[in-house]
Amino acid sequence: MLHRRPFPKAFATAPEKEKKPMTVVTRFAPSPTGFLHIGGARTALFNYLYARHFGGRYLIRIEDTDRQRSTEEAIAAIRDGLAWLGLEGDEPAIFQSRNATRHAEVARQLLADGQAYRCYMTTAELDAEREAARAEGRPVRIRSPWRDADPSEAPAGIDPVVRIKMPREGKTTIADKVQGDVTIDHEQLDDFILLRGDGSPTYMLSVVVDDHDMGITHVIRGDDHLTNAFRQYHLYKLCGWEPPVFAHIPLIHGPDGAKLSKRHGALGVDAYREMGYLPEAVKNYLLRLGWAHGDDEVISEAQAIDWFDLPQVGRSAARFDFAKLENLNGHYLREAEDARLTNLVVERLSRERTLDDVATTRLRDGMGGLKARANTVAQLAESAIFYIDRPVFPLENPKAAKLLSGGGAAVAREAGSALRDLDRWLEEDIEARLRRFAEEKEIGFGKVAQPLRAALTGSNASPGLFEVMAILGREETLARLARTPDHD
RNA sequence: GACCCCUUCGUCUAGUGGCCUAGGACAUCACCCUUUCACGGUGAAGACACGGGUUCGAGUCCCGUAGGGGUCGCCA
């Protein structure tokens with residue numbers, strides 16, 4: 001049996017004995033009608049963090065009661081997304097559709113108890129009712145005549161839906177952990193449908209029954225569900241159950257301030273992965289969207305678990321900002337292990353070419369210099385290509401091409417010759433020889449370095465020259481320099 | 001339209017009546033570092049939506065206005 005307590009934090013430090021401490025149980029409940037989008041990922045994150053913070057459990061429930069729109073591909077996409085982010089549930093995911101029988105049972109019990117009724121209204125009647133309400137400026141709520149009608153008057157030939165009897169007088173206040181106290185007049189509540197004409201349970205019924213059966217103590221979800229909370233609250237009450245603590249977090253908006261929806265550029269987490277973002281960066285970014293811990297920006301998962309709580313969650317929607325995500329990603333990229341990054345880069349570059357051992361070794365050796373200059377794995381892979389493929393002349397990069405014009409290519413070739421008799425192919429020796437070369441030619445070192453960079457990497461920007469040469473090796477370096485053609 | 005929610009620099013936010021001449025981060029600009037590009041460092045510019053109250057004192061509390069968002073399905 002689970003007991004609710006008003007201040008979860010109180011038992012986090014409370015002695016474990018006497019009274020069973022309430023164990024926090026949260027859930028992330030996506031509907032498999034599409035990919036796991038970024039807003040869903042944040043909801044999952046918050047549920048995960050909250051459960052971890054209080055040493056509770058975090059569960060996943062797939063809301064697949066809409067058999068029409070739910071697909072296997074979507075389920076797989078959501079699983080993949082959660083796995084990538086490290087936000088899988090503590091127990092195997094529960095499929096809501098499998099509990100349909102149980103949901104219907106609850107509805108029938110409500111019917112038996114007189115808390116629900118069969119409604120025979122036709123769609124035409126429903127439409128007329130709604131239209132009239134809207135025209136009169138009163139709340140658009142269905143007032144079914146069947147609520148108080150004698151069941152014996154039921155027309156034949158119509159499969160009735162089962163509606164709940166919501167209170168009509170008074171008001172209800174929900175103490176939302178994020179939104180604060182929210183009060184709504186019962187006039188605004190309608191007798192929503194529990195069971196469809198075909199006897200199948202609706203979402204509103206299923207969530208409540210499942211949340212209850214799963215022992216969910218805290219429902220943390222997008223604030224688009226705020227008004228649903230009131231309907232669900234009363235359903236709990238009518239069932240004789242204790243409602244959970246609700247926390248409705250603001251939605252994420254796109255850069256233009258509009259709701260981030262599937263048709264307005266909302267991307268699945270797989271898209272972020274493909275763009276080259278690291279899961280830890282995405283999580284850190286999402287965490288800071290609507291939540292803060294003083295001036296902290298870079299927050300490890302351990303710190304997040306330690307610090308996260310609902311009262312600090314802001315109440316206004318935040319816009320998604322790729323620039324900040326990218327900056328944060330750059331930070332995590334620089335912190336990431338070279339071996340991990342090498343695997344990520346190899347995976348990407350392998351799509352277009354075959355990499356041999358020499359190539360992967362160069363990538364791993366050069367990763368330190370490479371990752372200091374990239375913000376995404378995509379940029380990292382792009383910038384690493386020169387370690388594998390020789391530049392194609394004439395260079396397409398105009399800035400690099402310019403470095404090889406006006407005698408630049410000749411300088412590169414000469415420098416290559418000067419390097420030929422080096423005893424040891426080490427960074428320091430290469431540097432010493434090259435600096436001497438510049439002195440002998442009586443030109444600034446930059447005049448030597450830049451053409452060399454262009455000849456070797458095909459670009460005007462790259463990791464340190466000596467590092468590049470050392471990793472490329474004597475043979476490859478000299479070969480690249482010797483074949484550098486003049487540009488103009 | 002009805003109801004509910006929201007409103008601090010361009011963006012994410014700190015701020016819970018005096019510590020705020022409003023702080024940090026990203027982005028922008030300048031300079032420094034430097035073989036390039038990044039990183040890093042220094043600095044600049046940049047916000048309490050508006051109007052009334054309450055108070056000795058308001059970004060912080062109350063009311064209104066404006067703007068934004070959400071919900072109003074036999075979808076979830």
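Note on naming: letters A, B, ... go to the chains in the order of the sequence lines (proteins, then strands), and numbering restarts at 1 for each one. Just so you know, these numbers come straight off a predicted model, no measurement behind them.
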Pairwise [atom1] distance, [M] and [N] [rounded to whole Å]:
N: U7(B); M: C50(B); atom1: C1'; result: 11 Å
N: U8(B); M: A49(B); atom1: P; result: 6 Å
N: C63(B); M: G1(B); atom1: C1'; result: 24 Å
N: A47(B); M: C9(B); atom1: C1'; result: 4 Å
N: U60(B); M: G15(B); atom1: C1'; result: 8 Å
N: A14(B); M: C48(B); atom1: C1'; result: 13 Å
N: U71(B); M: G52(B); atom1: C1'; result: 31 Å
N: C20(B); M: C12(B); atom1: P; result: 25 Å

Query raised in the report: Given the rule in the salt bridge (charged side-chain N to carboxylate O under 4.0 Å, His left out) test, do Arg390(A) and Glu476(A) qualify, once you have shown the distances and angles that lead to the verdict?
Result: CA-CA 9 Å; Arg390(A) 289 182 174 181; Glu476(A) 180 64 14; 2.9 Å; yes
Whole-Å distance separating the [atom1] atom of [X] from the [atom2] atom of [N]:
X: Leu333(A); N: C39(B); atom1: CG; atom2: C1'; value: 12 Å
X: Leu226(A); N: A2(B); atom1: CG; atom2: P; value: 19 Å
X: Asn375(A); N: C37(B); atom1: CG; atom2: C1'; value: 12 Å
X: Phe320(A); N: C26(B); atom1: CZ; atom2: C1'; value: 13 Å
X: Arg221(A); N: U71(B); atom1: CZ; atom2: P; value: 13 Å
X: Asp190(A); N: G73(B); atom1: CG; atom2: P; value: 7 Å
X: His253(A); N: G10(B); atom1: NE2; atom2: P; value: 19 Å
X: Leu194(A); N: G73(B); atom1: CG; atom2: C1'; value: 15 Å

Give the nucleotide from the list [options] with an atom nearest to the side chain of [X].
X: Phe445(A); options: G69(B), U35(B), A76(B); value: U35(B)
X: Arg315(A); options: C6(B), U13(B), U71(B); value: C6(B)
X: Ala292(A); options: A2(B), C12(B), A14(B); value: A14(B)
X: Leu251(A); options: G23(B), A25(B), G70(B); value: G70(B)
X: Asp224(A); options: G70(B), C12(B), U35(B); value: G70(B)
X: Glu297(A); options: A25(B), C6(B), U35(B); value: A25(B)
X: Ala323(A); options: U35(B), C5(B), A27(B); value: A27(B)
X: Asp295(A); options: C5(B), U35(B), G24(B); value: G24(B)
X: Lys324(A); options: A2(B), C12(B), C72(B); value: C12(B)
X: Ile184(A); options: C4(B), U71(B), C26(B); value: C4(B)

Query raised in the report: Hey, is His225(A) stacking on A76(B)? Ring centres under 5.5 Å, planes under 30°.
Result: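 By the stated criterion, His225(A) and A76(B) stack.
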Suppose we define a pair by two distances each less than 3.5 Å, Watson-Crick or G-U wobble; what does [N] pair with here?
N: U21(B); result: none
N: U55(B); result: none
N: G1(B); result: C72(B)
N: C37(B); result: none
N: G46(B); result: none
N: U7(B); result: A66(B)

Considering every strand and a 4.0 Å limit on heavy-atom distances, what is the contact class for [X]: base, sugar-phosphate, or nothing?
X: Val182(A); answer: sugar-phosphate
X: Ser206(A); answer: nothing
X: Gly464(A); answer: base
X: Tyr285(A); answer: nothing

**Report entry** Positive for side-chain hydrogen bond (donor to acceptor under 3.5 Å, both in side chains) with His103(A), one of Thr65(A), Asp210(A), Asp213(A), Thr202(A)
**Finding:** Asp210(A)
Query raised in the report: So, does the side chain of Arg319(A) form a donor-acceptor pair with the base of U11(B) at under 3.5 Å?
Result: no
Query raised in the report: What about Arg373(A): does its side chain form a donor-acceptor pair under 3.5 Å with the base of C37(B)?
Result: yes
Query raised in the report: Reckon Arg130(A) has a side-chain N or O less than 4.0 Å from the OP1 or OP2 of G73(B)?
Result: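 Checking Arg130(A) against G73(B): at least one side-chain N or O falls below 4.0 Å of OP1 or OP2.
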Query raised in the report: Can a side chain N or O of Thr65(A) be found less than 4.0 Å away from OP1 or OP2 on A76(B)?
Result: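 Yes, because at least one side-chain N or O of Thr65(A) sits under 4.0 Å from OP1 or OP2 of A76(B).
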Query raised in the report: Where do Arg27(A) and Glu63(A) land on the salt bridge (charged side-chain N to carboxylate O under 4.0 Å, His left out) test, with the steps shown first?
Result: CA-CA 12 Å; Arg27(A) 47 67 160 184; Glu63(A) 314 248 283; 5.8 Å; no
Query - Asn375(A) side chain vs Asn327(A) backbone, donor-acceptor pair below 3.5 Å - result: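 Not at all, since once roles are kept as given, no pair shorter than 3.5 Å links the two residues.
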Query raised in the report: RNA chain B: Asn327(A) or Arg334(A), which has the more 5' nearest nucleotide?
Result: Asn327(A)
Query raised in the report: Given that Ile193(A) and Ala374(A) both sit by RNA chain B, which one's nearest nucleotide is further toward the 5' end?
Result: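 It is Ala374(A), whose closest nucleotide lies nearer the 5' terminus.
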**Report entry** Partner of Trp291(A) by ring pair (Phe, Tyr, Trp, His ring centres under 6.0 Å), out of Trp307(A), Phe46(A), Phe308(A)
**Finding:**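 Of the listed options, the one satisfying the test is Phe308(A).
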Query - Pair Asp191(A) + Arg168(A): basic N to acidic O under 4.0 Å - result: yes
Report task. Go through the steps to decide whether Arg435(A) and Glu439(A) satisfy the test salt bridge (charged side-chain N to carboxylate O under 4.0 Å, His left out), and finish with yes or no. Result -> CA-CA 6 Å; Arg435(A) 288 201 185 276; Glu439(A) 277 173 34; over 6 Å; no
Requested in this report: Report the C-alpha separation of Arg61(A) and Asp211(A) in whole Å, then their side-chain angles, then the decisive distance to 0.1 Å, and conclude whether the salt bridge (charged side-chain N to carboxylate O under 4.0 Å, His left out) test is met.
Outcome: CA-CA 9 Å; Arg61(A) 184 177 66 231; Asp211(A) 280 342; 2.7 Å; yes
**Report entry** Arg118(A) to Tyr120(A) six-membered ring, cation-pi geometry met (6.0 Å, 45°)
**Finding:**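 Arg118(A) over Tyr120(A) ring: no.
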